[in-house]
Student: 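Here it is, the structure in full.
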Amino acid sequence: MPFNLPYKFQMSGREVVVQHSHSGHIRVSPNNTSLADGGGGEGQFARWKIYLEGGNHCRLQSVKTGKYLRLWRGGREIDTNGGTGPFTKFKIHYHNRPNGVKLESDRFPGRYIAVNPNRTMKIGSGGHHCNLWIKREGQQQRRVVQQPQVRVVQQPQVRVVQSGGSGWGLPYMFRQNNTIVVRSNYGKHLRVSPGNTYNADGNGGTGQYARWKVMLDGQGVIKLQNTHSGKYLRIQSNNDVNVGGTGGGLTRFRYHIHTHPNGVKLESCKFPGRYVAIRPNGNVMKGTGGVHTRLTFFREGQQQRVQQPTVIVQQQPVQPQVIVQSPSNLIQQTQLAAQQAALVQQQAAQQAQLAAQKQQMEAQMAAQQQQMAAQMEQMRLQNEASLSQQKLALDAERQQMEAQVAAQQQQVLDAQKTLLEQQQAQLSNPSLQNIQSPPAQNEGISSPVNPYYGNQASNVSTSGAGDQPPSYPVLNQPVQPVQPVQPVQVIQPVQQPVIVQQPEENKAPEEAPRLGQEAADEVGQWLKKLKLERYYKTFIDNGYDQLETISEISKEDLKEMGVALGHIKIIVASCLTAPFMAKRVKMRNVSFETFLHEYGKPKDMGNGKRCILQHNTKSNLPGCVWVFECVEDQKFRLKHEPTGSFLRLQGEWAGEPDTRSPFGDWQTFVLEKDEGSSGVYYIKNERNLCYLKAENPRSLGYNKLAQTEKKDKNCRWKLQVQR
């Protein structure tokens, strides 16, 4: 049975054919079943099973090969060798309901399945070559109804009335450049704000501020230039919508028709998925394709109004006859019903299997949570036991110290008591009441002098008569009694630690940086930036006296050096970029021993420069030098020294890597260390997670670079610091 019934995208798993706009069907090529072409009929090579996903996505599986139609390799190739990955998923856009559609790649927005007039496959942008019709098996039933006879009694003339004035009421058909106005979904028009022509709002009429020159710029792409300011409507990377463009890439919009012929939505070509939206209050902003993004384009002029005639008819009652041609086959209907019932059973079985898998996953998650709770409880008990042991040890140490202090105090008291007893014994002895002082001799006088005599002169004869006894004067000073001795408090001296000064020649020399003080100063500056300069001597003493050695440091090394746990995380997070911080480097690919630099002359982009990149063995060119600039602890950017532009990876869909200035999106990177080699890294964009890759060298042309989400051996680079 032919495939003549429209497929209405209601049942998944149906067998269909895909008709294109050049009188053929899409099929797998008979000579090579991994390729597709548009030269099919309705045979086995042109039949597909369509599987619906969500409300507006589908996949097409070949009945002949079991493989899926896919759009892959950065959105540049179509084949029939896919699986169930992201490259075989397509978004459905209706151009003629119920089965007239366009299939847009879900992985690469803006790329459509298209067929050339010569029936070869190509990547479309949404034009008429992308129009497809999905049909299922069956023959349409045609009902021929014999209409009653109609007799015209009066046929008045039809008058065409042209409205006066020169308003903006004619629909713009997107066929040539023209001046138009853009009406929002809420009756007002898009304009430049009268107070600030850089901004846009949706509160305009049809005056000079609200008039735009529409310029066709490729298939399905336009630019809008305001006739008052001369600037272009654009969407910037920060989602700001304004009228400050100069005609560059940010001002290109792809129009999607939602109401034929002039109701459209404007999607940014630079940032797919971002639309021009006008809210009810007139604010112009970035939208996602909803009701606020519905716009209507009108050109100058008034629509012609046709004055409808009044037609008086008389009908003769005739019994209509219904003739049904090509009646459906009862057997085929039975088979179709059986297939539908089997499909329903299959879907029910799949749902039951999914429910069982969900229950199993929930049970596993519950078991894991219980295990984690048990582990946490065990860790809490261990911590409490450890704290108890530490507390007991501290208490024992405190008691020991208290006992030592008490013993020392008792010794001091005993010594004081003994001394007091000795003093009391001396005071109680009467023989100590009259104590004479020993005679003292004056310097230069040979005779003794008694201090208890009344006069100080000596009465000893100096005439030489030694045989006469000396005469002594009478004592006239009483002997003073001995004063009692006051008890003295004895203070036990504190034992001071003995510090032995080593001779100067025996001191151990301080550890000096092995590779010079300049390299050690760089380590100190890096630690100071991290606010961890307290570890400077620790790093130098352990041999980490240059930034190149710090990139090889590990958590275990830092623990052994005595670095605190919280500081270990900070150091490990920034140690990879430390050797290259603010350095000039050359980037050498490990696989091909080639260097990264520009190809050809830089292109002036108005607000900056752009360079196409290549890799070859020429290492002495000025363009091989890049400046490694740290943005954060782990993040950095690479500035091309000759041009001042920055390396950029926009994703696989954008093609080759390049450089662009000024600095913006897609230009911040992180380093990933190759665990198998020393000093070898992967350069990954921190936003789209793509890696910088060198493609195989070519015999003709230049050696290109690529960006890939899956790293391989050609993604490995060495950064050579230039002194």
Student: Does the pair Lys618 and Phe595 meet the rule for a side-chain contact (heavy atoms from CB on, under 4.5 Å), with working shown?
Tutor: CA-CA 7 Å; Lys618 298 178 180 180; Phe595 292 84; over 6 Å; no
Student: Over 60° means perpendicular and under 30° means parallel, so classify the ring planes of His228 and Tyr209, tilted if in between.
Tutor: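 The rings of Tyr209 and His228 sit tilted, inter-plane angle from 30° to 60°.
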Student: Could you check if a side-chain atom of Met587 sits within less than 4.5 angstrom of a side-chain atom of Leu692, using non-hydrogen atoms only?
Tutor: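 SC-SC contact between Met587 and Leu692 confirmed.
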Student: Tell me if the NZ atom of Lys583 is crowded by more than 12 foreign heavy atoms within 6.0 Å.
Tutor: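 Count over threshold, so yes.
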Student: Of all the heavy-atom pairs spanning Glu267 and Tyr275, show the shortest one and how long it is.
Tutor: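 Of all heavy-atom pairs spanning Glu267 and Tyr275, the closest is CB-CE2, 3.5 Å.
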Student: Which heavy atom of Glu300 sits nearest to which heavy atom of Trp168, and what is that distance?
Tutor: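 For Glu300 versus Trp168, the nearest heavy atoms are N-CE3, 3.3 Å.
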Student: Does Arg637 count as lying over the ring of Phe663, i.e. NZ or CZ under 6.0 Å from the six-ring centre, within 45 degrees of the axis?
Tutor: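 Judged by the rule (NZ or CZ under 6.0 Å from the ring centre, within 45° of its axis), Arg637 counts as positioned above Phe663.
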Student: Identify the two heavy atoms, one from Cys58 and one from Leu52, that lie closest to each other, and give their separation to 0.1 Å.
Tutor: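 Here Cys58 and Leu52 meet closest at CB-CD2, 4.2 Å.
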Student: Does Thr120 offer a backbone N or O that forms a donor-acceptor pair with the side chain of Asn118 under 3.5 Å?
Tutor: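 Checking the backbone N and O of Thr120 against the side chain of Asn118, a donor-acceptor pair under 3.5 Å is found.
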Student: Does Glu641 reach the main-chain N or O of Val625 with its side chain, forming a donor-acceptor pair under 3.5 Å?
Tutor: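 A pair under 3.5 Å: no.
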Student: So Trp48 and Ile134, do their side chains get closer than 4.5 Å, heavy atoms only?
Tutor: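 The answer is no; the side chains never approach within 4.5 Å.
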Student: Using the side-chain contact (heavy atoms from CB on, under 4.5 Å) rule, take Asn589 and Leu596 through it: C-alpha gap first, then chi angles, then the decisive distance, then the call.
Tutor: CA-CA 8 Å; Asn589 187 269; Leu596 178 66; over 6 Å; no
Student: Determine whether the side chains of His292 and Tyr186 contain a donor N or O and an acceptor N or O closer than 3.5 Å.
Tutor: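 The criterion, which ignores hydrogens and geometry beyond distance, is satisfied for Tyr186 and His292.
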Student: Going through the checks in order, is the ring-ring contact (aromatic ring centres under 6.0 Å, His included) test met by Phe580 and Tyr681?
Tutor: CA-CA 12 Å; Phe580 315 111; Tyr681 304 92; 5.7 Å; yes
Student: Distance-only, no hydrogens or angles: does the Asn685 side chain make a donor-acceptor pair with backbone N or O of Leu649 under 3.5 Å?
Tutor: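 Looks like yes, one N/O pair under 3.5 Å.
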Student: Side chains of Thr80 and Ser62, heavy atoms from C-beta outward: is any pair under 4.5 Å?
Tutor: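 No, every pair of side-chain atoms sits at 4.5 Å or beyond.
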Student: Could you walk me through whether Asp712 and Lys693 pass the side-chain contact (heavy atoms from CB on, under 4.5 Å) test, one step at a time?
Tutor: CA-CA 8 Å; Asp712 55 24; Lys693 177 181 178 180; 3.1 Å; yes
Student: Is any side-chain heavy atom of Thr594 closer than 4.5 Å to a side-chain heavy atom of Pro697?
Tutor: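 No, their side chains stay 4.5 Å or more apart.
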Student: For this output row, return yes or no: ring centroids of His20 and His129 closer than 6.0 angstrom.
Tutor: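 No.
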Student: Is a side-chain N or O of His189 found less than 3.5 angstrom from the main chain of Gly205, in a donor-acceptor match?
Tutor: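 Side chain of His189 to backbone of Gly205: a pair is present.
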Student: Any heavy-atom pair between the side chains of Cys130 and His93 that's under 4.5 Å?
Tutor: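 They are not in contact (no side-chain heavy atoms under 4.5 Å apart), so the answer is no.
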Student: Looking at every non-hydrogen atom in both residues, tell me the closest pair between Arg299 and Asn178 and how far apart they are.
Tutor: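 Looking at all heavy atoms of both residues, the closest pair is CD-ND2, 3.9 Å.
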Student: Any chance the side chains of Asp37 and Ser29 put a donor and an acceptor closer than 3.5 Å?
Tutor: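 Ser29 and Asp37 do have a side-chain donor-acceptor pair below 3.5 Å.
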Student: Do Lys586 and Trp626 have side-chain heavy atoms sitting under 4.5 Å apart?
Tutor: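 Sidechains of Trp626 and Lys586: no contact.
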Student: I need the minimum non-hydrogen distance between Ala46 and His25, along with the two atoms involved.
Tutor: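 The answer is CB-CB, 4.3 Å.
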Student: Crowded around Lys102 NZ? As in, over 12 foreign heavy atoms under 6.0 Å?
Tutor: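 Yes.
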Student: Of Val181, Thr227, Val192, which meets side-chain contact (heavy atoms from CB on, under 4.5 Å) against Trp212?
Tutor: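 The single option meeting the side-chain contact (heavy atoms from CB on, under 4.5 Å) with Trp212 is Val192.
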Student: What orientation do Trp133 and His95 show, parallel under 30°, tilted 30 to 60°, or perpendicular over 60°?
Tutor: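 Correct class here is perpendicular.
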Student: Is the number of heavy atoms from other residues, nucleotides or ligands within 6.0 Å of NE2 (His260) greater than 12?
Tutor: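 Check fails, neighbour count at 12 or below.
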Student: Identify the two heavy atoms, one from Phe90 and one from Leu103, that lie closest to each other, and give their separation to 0.1 Å.
Tutor: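 Taking Phe90 first and Leu103 second, the nearest heavy atoms are CB-CB, 4.1 Å.
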Student: Check the pair Asp658 / Arg648 against salt bridge (Lys or Arg N to Asp or Glu O under 4.0 Å), numbers first and verdict last.
Tutor: CA-CA 5 Å; Asp658 60 0; Arg648 179 173 65 173; 2.7 Å; yes
Student: Is there side-chain contact between Leu705 and Glu656, with at least one heavy-atom pair below 4.5 Å?
Tutor: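 A side-chain contact under 4.5 Å is absent here.
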Student: Using the side-chain contact (heavy atoms from CB on, under 4.5 Å) rule, pick out the option among Lys135, Gln19, Lys8 that qualifies with Asn99.
Tutor: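 Considering Lys135, Gln19, Lys8, a side-chain contact (heavy atoms from CB on, under 4.5 Å) with Asn99 is found only for Lys135.
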Student: So Tyr599 and Tyr702, would you call those rings parallel, tilted or perpendicular, with 30° and 60° as cut-offs?
Tutor: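 Tyr599 and Tyr702: parallel rings.
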Student: Report yes or no: do Asp201 and Ser193 form a side-chain donor-acceptor pair below 3.5 Å?
Tutor: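 Short answer, yes.
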Student: Which is it for Arg716 and Tyr682 under the side-chain contact (heavy atoms from CB on, under 4.5 Å) test, yes or no, and what are the steps along the way?
Tutor: CA-CA 5 Å; Arg716 299 179 302 158; Tyr682 298 95; 3.5 Å; yes
Student: Angle between ring planes, Tyr68 versus Tyr51, binned at 30° and 60°: parallel, tilted or perpendicular?
Tutor: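 Ring orientation of Tyr68 relative to Tyr51: tilted.
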Student: Would you check, one step at a time, whether the test salt bridge (Lys or Arg N to Asp or Glu O under 4.0 Å) holds for Glu104 with Arg254?
Tutor: CA-CA 14 Å; Glu104 179 186 15; Arg254 186 177 305 282; over 6 Å; no
Student: Check whether His22 reaches the backbone of Val115 with its side chain - one donor and one acceptor, N or O, closer than 3.5 Å.
Tutor: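 Side chain of His22 to backbone of Val115, a donor-acceptor pair under 3.5 Å: yes, one is there.
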Student: Determine, step by step, whether Tyr255 and Tyr172 satisfy the ring-ring contact (aromatic ring centres under 6.0 Å, His included) criterion, reporting the C-alpha distance in whole Å, the side-chain angles of both residues, the deciding distance to 0.1 Å, and the verdict.
Tutor: CA-CA 13 Å; Tyr255 62 86; Tyr172 176 67; 8.5 Å; no
Student: Would you call the rings of Phe636 and Phe628 parallel, tilted or perpendicular, where under 30° means parallel and over 60° means perpendicular?
Tutor: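 It falls in the parallel class, under 30°.
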Student: With a 6.0 Å cut-off on the ring centroids, do Tyr94 and Phe9 count as close?
Tutor: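 Between Phe9 and Tyr94, which both carry aromatic rings, the centre distance is below 6.0 Å.
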Student: Side chains of Leu266 and Leu224: closer than 4.5 Å at any heavy-atom pair?
Tutor: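 Sidechains of Leu224 and Leu266: in contact.
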Student: Cut-off 3.5 Å, side chains only: do Arg59 and Thr88 have a donor facing an acceptor?
Tutor: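 Note: Arg59 and Thr88 side chains meet the donor-acceptor criterion.
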Student: Within the side chain of Glu695, is there an N or O that forms a donor-acceptor pair under 3.5 Å with the backbone of Asn703?
Tutor: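 No.
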Student: Can a donor-acceptor pair be found between the side chains of Asp240 and Asn242 at a distance below 3.5 Å?
Tutor: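 Yes, because at least one side-chain N or O of Asp240 sits under 3.5 Å from a partner of the opposite role on Asn242.
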